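All values derive from a computational prediction rather than experimental measurement.
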Amino acid sequence: GLRRWGRSGAKLVAPLGCLVPRQKHTLPDLPYDYGALEPHINAEIMQLHHSKHHAAYVNNLNVAEEKYKEALAKGDVTAQVSLQPALKFNGGGHINHTIFWTNLSPNGGGEPKGELMEAIKRDFGSFANFKEKLTAVSVGVQGSGWGWLGYNKEQGRLQIAACANQDPLQGTTGLIPLLGIDVWEHAYYLQMYLQDMHHAKSRVEFLHRLLKWHHFYFGITLVVVSVAYK
């Protein structure tokens, strides 16, 4: 049963976490079709990015968590420490991509309005300055990583940051993630290679194009910022 008796006769109840088995992480469904973002991001790269790359982070995270659970049960501290990189990398990959999919929308476009726009003007001077700074930070990532617009709750302002590899923004900087740009080559390399060399885009040009067309769903970002302000 759930109740046990201690030596003093007091009822001891096992913690809820010990009774409910941990649910495995799952790949979230996209709120749009793979081809919905064309011509800016084609269906093939979206399918590969979501069903292969993101799915791999989810599967590997579940494996790492299961091994960590076993290490905890055995009291194997060495194994627990050795699993930290896998937990951080795959956990971050899952968190980052889950946010990323909601930042994209076939119905996006234009500049944000309301509270978010006012915050952007206050903290960056203008929307154009914000795009330029976010692009510069994202392009400046050496190797693979992410460019982020985050909310600094302590300072009450928006902040741009870059994270290496799959490091999650909030877990490594404390910033609340609002808008993420995936700078990993798997996010766009296939589409670039398939284009004619005359129209091929470099990483810098590609990021400029993404920001130019504003296919990031600022409506969701506005909601997050509004909640963060509270």
Side-chain angles (χ1 to χ4, degrees), residues 23-59 61 90-117 119-120 127 130-131 134-135 137-138 141 144-153 158-163 165-184 186-188 191 206-207 209-230:
Q23 292 185 345
K24 291 187 176 182
H25 302 282
T26 58
L27 181 68
D29 294 330
L30 294 185
Y32 40 76
D33 295 333
Y34 286 135
L37 303 180
E38 291 185 343
H40 312 292
I41 306 178
N42 66 37
E44 188 174 4
I45 194 63
M46 284 296 295
Q47 182 175 9
L48 178 66
H49 197 175
H50 176 256
S51 66
K52 299 298 182 183
H53 291 288
H54 190 174
Y57 294 126
V58 173
N59 294 335
L61 175 59
N90 293 293
H94 180 36
I95 291 171
N96 294 340
H97 284 85
T98 299
I99 296 171
F100 181 67
W101 305 131
T102 65
N103 286 160
L104 299 170
S105 169
N107 301 315
E111 298 184 356
K113 299 178 181 179
E115 189 176 5
L116 176 59
M117 189 59 169
I120 288 176
F127 186 70
F130 157 69
K131 289 197 300 178
L134 181 58
T135 300
V137 168
S138 301
V141 173
S144 300
W146 291 75
W148 289 99
L149 170 66
Y151 179 69
N152 189 319
K153 196 170 184 178
L158 301 178
Q159 189 172 328
I160 290 175
C163 291
N165 300 314
Q166 292 294 353
D167 292 359
L169 181 69
Q170 190 167 6
T172 54
T173 69
L175 298 176
I176 299 173
L178 304 178
L179 172 66
I181 297 181
D182 190 346
V183 195
W184 280 70
H186 67 229
Y188 56 85
Q191 181 167 336
F206 183 79
L207 289 174
R209 185 176 64 165
L210 279 180
L211 291 173
K212 177 182 178 181
W213 288 101
H214 311 317
H215 267 268
F216 300 108
Y217 190 26
F218 283 107
I220 292 179
T221 309
L222 176 58
V223 172
V224 177
V225 173
S226 299
V227 172
Y229 281 152
K230 297 177 182 179

Shortest non-hydrogen contact from [X] to [Y]?
| X | Y | result |
| --- | --- | --- |
| Pro112 | Ile120 | CG-CD1, 3.9 Å |
| Gly180 | Phe100 | O-CD1, 3.4 Å |
| Pro106 | Ala36 | CB-O, 3.4 Å |
| Ala161 | Leu175 | CB-CD1, 3.9 Å |
| Gln170 | Pro177 | OE1-CD, 3.8 Å |
| Cys163 | Thr173 | SG-CG2, 4.5 Å |

Please enumerate all residues that pass side-chain hydrogen bond (donor to acceptor under 3.5 Å, both in side chains) together with [X], with sequence neighbours excluded.
| X | result |
| --- | --- |
| His54 | His94, Trp101 |
| Asp33 | none |
| Trp146 | Gln166 |

Practice task
Verify side chain to side chain contact (heavy atoms under 4.5 Å, CB included) between Leu169 and Ile95, making sure each step is shown before the conclusion.
Solution key: CA-CA 9 Å; Leu169 181 69; Ile95 291 171; over 6 Å; no

Measure the [atom1]-[atom2] distance between [X] and [Y] for me, rounded to the nearest 0.5 Å.
| X | Y | atom1 | atom2 | result |
| --- | --- | --- | --- | --- |
| Asn96 | Asp167 | CG | CG | 8.5 Å |
| Trp148 | Leu179 | CH2 | CG | 8.0 Å |
| Leu37 | Ile45 | CG | CD1 | 12.0 Å |
| Leu149 | Ile176 | CG | CD1 | 11.5 Å |
| Ser144 | Asn165 | OG | CG | 6.5 Å |
| Glu115 | Met117 | CD | CE | 13.5 Å |

Exercise for the section: Kindly state whether the ring of His97 and the ring of His49 have centres lying under 6.0 angstrom apart. Expected result: yes

Side-chain contact test, heavy atoms from C-beta onward, threshold under 4.5 Å: evaluate it for [X] versus [Y] and give yes or no.
| X | Y | answer |
| --- | --- | --- |
| Tyr32 | Met46 | yes |
| Asn152 | Leu158 | no |
| Tyr57 | Leu27 | no |
| Tyr151 | Gln159 | no |

Problem - Side-chain donor/acceptor of His53 to backbone N/O of Gly93, under 3.5 Å - result: no

